[in-house]
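Just the heavy atoms: all of them, side chains too, but no hydrogens, waters or symmetry mates, feed the values below. Only a predicted model underlies this, so the values are computations on that prediction, with no experimental measurement involved.
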Amino acid sequence: MTKLKTKLPRYVFITKFGVYRFIRNIPKDLVAFVGKRCFYQVLGKDFKEALRNYSGALAEFDSLVASYRQEAPVRETVLAMVANEFGKEAYLRLALGDVDENLDFAL
């Protein structure tokens, strides 16, 4: 029995274990906000299942990017306000998500 060669949709890769994955790079300007460089989603273990799940994964990625594009300016504004009000150390801690009780209360 021979396997049919099928062309995979864009951004779809098959692992050595036979699992289809949707993989897209996060835009460089959003990597710091999202906290990761790539978006992965498992599409399934066979080609037909992967095709059924492909459009959902593509829509989810687009939604993720759109939400961060709208949120990024707000986050940068808040971080700038924290830097002005509390200093660079507080700014860096907030940017990393390391917020102590005093900074949390002040915000």
Side-chain angles (χ1 to χ4, degrees):
M1 189 163 126
T2 60
K3 246 185 171 176
L4 292 175
K5 282 274 191 180
T6 52
K7 184 172 166 88
L8 295 175
R10 193 171 186 188
Y11 312 116
V12 175
F13 302 90
I14 188 166
T15 67
K16 66 181 178 180
F17 302 109
V19 177
Y20 291 83
R21 280 181 151 192
F22 177 86
I23 303 172
R24 290 276 320 253
N25 290 332
I26 302 291
K28 288 181 182 180
D29 61 321
L30 297 180
V31 168
F33 299 110
V34 177
K36 55 186 178 179
R37 296 174 65 166
C38 291
F39 174 86
Y40 295 96
Q41 188 165 350
V42 174
L43 298 177
K45 287 198 169 202
D46 66 31
F47 185 74
K48 286 183 181 181
E49 184 180 11
L51 289 180
R52 279 193 305 270
N53 296 326
Y54 176 73
S55 62
L58 193 58
E60 191 173 330
F61 174 78
D62 290 341
S63 175
L64 173 82
V65 169
S67 70
Y68 276 97
R69 290 249 187 253
Q70 292 172 357
E71 184 180 297
V74 173
R75 185 173 192 273
E76 284 187 15
T77 302
V78 169
L79 287 174
M81 287 172 31
V82 168
N84 289 336
E85 209 52 45
F86 300 102
K88 189 171 183 167
E89 182 181 342
Y91 160 80
L92 292 173
R93 291 182 71 187
L94 181 61
L96 294 173
D98 181 23
V99 180
D100 70 2
E101 200 174 286
N102 296 329
L103 184 58
D104 190 33
F105 179 73
L107 294 175

[X] versus [Y]: any side-chain heavy-atom pair under 4.5 Å?
{"X": "Leu64", "Y": "Leu30", "answer": "no"}
{"X": "Lys45", "Y": "Val19", "answer": "yes"}
{"X": "Glu60", "Y": "Phe39", "answer": "yes"}

- After noting the C-alpha distance and the side-chain angles of Tyr68 and Phe33, does the key distance pass the ring-ring contact (aromatic ring centres under 6.0 Å, His included) rule? CA-CA 7 Å; Tyr68 276 97; Phe33 299 110; 7.3 Å; no
- Nearest heavy atoms of Leu51 and Pro9, plus distance in Å: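 Reported closest heavy-atom pair: CD2-CG, 3.5 Å.
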- Task: Could you tell me which non-hydrogen atom of Asn25 sits nearest to which non-hydrogen atom of Cys38, and how far apart they are?
- Result: OD1-SG, 3.2 Å
Just verifying a value: how many Å separate [X] [atom1] and [Y] [atom2], rounded to the nearest 0.5 Å?
{"X": "Phe22", "Y": "Ser55", "atom1": "CZ", "atom2": "OG", "value": "10.0 Å"}
{"X": "Tyr54", "Y": "Gln41", "atom1": "OH", "atom2": "CD", "value": "12.0 Å"}
{"X": "Leu43", "Y": "Glu49", "atom1": "CG", "atom2": "CD", "value": "8.5 Å"}
{"X": "Ser67", "Y": "Asp62", "atom1": "OG", "atom2": "CG", "value": "11.0 Å"}
{"X": "Tyr20", "Y": "Thr15", "atom1": "OH", "atom2": "OG1", "value": "9.5 Å"}

- Item | Single-linkage hydrophobic cluster Ile14~Leu58, side-chain heavy atoms < 4.5 angstrom |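 As far as the 4.5 Å side-chain criterion goes, Leu58 and Ile14 are connected within one cluster.
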- Message: Starting from Val31, can I reach Tyr11 by hopping between I/L/V/M/F/W/Y residues whose side chains sit under 4.5 Å apart?
- Response: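 The answer is yes; both residues are in one hydrophobic cluster.
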- side-chain contact (heavy atoms from CB on, under 4.5 Å) assessment of Leu8 paired with Phe13: CA-CA 7 Å; Leu8 295 175; Phe13 302 90; 5.5 Å; no
